[in-house]
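Encoded as structure tokens, the structure appears first; notes follow it.
None of these values were measured; they are calculated from a predicted model. Numbers here simply count residues along the sequence, with the first being 1. Because only heavy atoms are used, hydrogens play no part in the values below, and waters and symmetry mates are left out as well, while side chains stay in.
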Amino acid sequence: MEFIELHLGSYVISHGFDKNNKEKMTPIAAEKFGKKLIAVSRIKSLSEKYILTDYVDGRWIYWEYKEDFEDVKKLLNR
């Protein structure tokens with residue numbers, strides 16, 4: 001399994017949708033960024049602010065990351 005190392009901070013957990021098709025979200029604030037290894041196979045999307053990963057039980061997690069977007073893109077394309 002391939003991993004990348006990033007500095008991740010605050011995140012938002014998506015628990016799916018309610019009966020009105022509104023996404024159920026839980027924001028979690030972090031005081032600072034910390035190093036984390038992420039399995040590349042769990043990464044679903046990358047934006048300038050968030051990296052979206054899946055979780056074992058069907059949840060999605062939007063992580064804030066410290067690195068530059070282009071640098072993360074290069075890590076994923078190697």
**OP:** To the nearest 0.5 angstrom, please state how far the CD atom of Glu48 sits from the CG atom of Asp68.
**Re:** 9.0 Å

**OP:** Mind running side-chain contact (heavy atoms from CB on, under 4.5 Å) on Leu6 and Phe33 for me, showing each step along the way?
**Re:** CA-CA 9 Å; Leu6 296 175; Phe33 288 91; over 6 Å; no

Would you mind writing out the side-chain donor-acceptor pairs for residues 21-31 within the sub-3.5 Å range, not counting sequence neighbours?
{"from": "Glu23", "atom 1": "OE2", "to": "Ser14", "atom 2": "OG", "distance (Å)": "2.7"}
{"from": "Thr26", "atom 1": "OG1", "to": "His15", "atom 2": "NE2", "distance (Å)": "2.9"}

Original post:
Does Phe69 CZ have over 12 foreign heavy atoms under 6.0 Å away?
Top reply: yes

May I have the list of side-chain donor-acceptor pairs in residues 71-78 shorter than 3.5 Å, sequence neighbours left out?
{"from": "Lys73", "atom 1": "NZ", "to": "Glu70", "atom 2": "OE1", "distance (Å)": "3.4"}
{"from": "Asn77", "atom 1": "ND2", "to": "Lys73", "atom 2": "O", "distance (Å)": "3.2"}
{"from": "Arg78", "atom 1": "NE", "to": "Leu75", "atom 2": "O", "distance (Å)": "3.1"}

Original post:
Hey, quick one: are Ile61 and Tyr50 part of the same hydrophobic cluster, counting side-chain heavy atoms closer than 4.5 Å, chains of contacts allowed?
Top reply: no

Subject >> With sequence neighbours excluded, residues passing salt bridge (Lys or Arg N to Asp or Glu O under 4.0 Å) with Asp57 >> reply: Arg59

Original post:
When rounded to the nearest 0.5 angstrom, what distance separates CZ in Arg42 from CD1 in Ile51?
Top reply: 10.0 Å

Subject >> Straight-line distance of Lys36 NZ to Ile4 CD1, nearest 0.5 Å >> reply: 11.5 Å

Subject >> Partners meeting side chain to side chain contact (heavy atoms under 4.5 Å, CB included) with Lys49 (sequence neighbours left out) >> reply: Ser47, Glu64

Original post:
Among all residues two or more places apart in sequence or in another chain, which pass the side-chain hydrogen bond (donor to acceptor under 3.5 Å, both in side chains) test with Glu5?
Top reply: none

**OP:** Could you tell me whether the side chain of Trp60 reaches within less than 4.5 Å of the side chain of Leu52, counting heavy atoms only?
**Re:** yes

Original post:
If Ile, Leu, Val, Met, Phe, Trp and Tyr residues are connected whenever their side-chain heavy atoms lie under 4.5 Å apart, and connections chain through other members, are Tyr62 and Leu8 in the same group?
Top reply: no

Subject >> Under the ring-ring contact (aromatic ring centres under 6.0 Å, His included) test, residues paired with Trp63 that sit two or more places apart >> reply: Tyr11

Subject >> Side chain proximity check, Ile43 to Asp54, heavy atoms < 4.5 angstrom >> reply: no

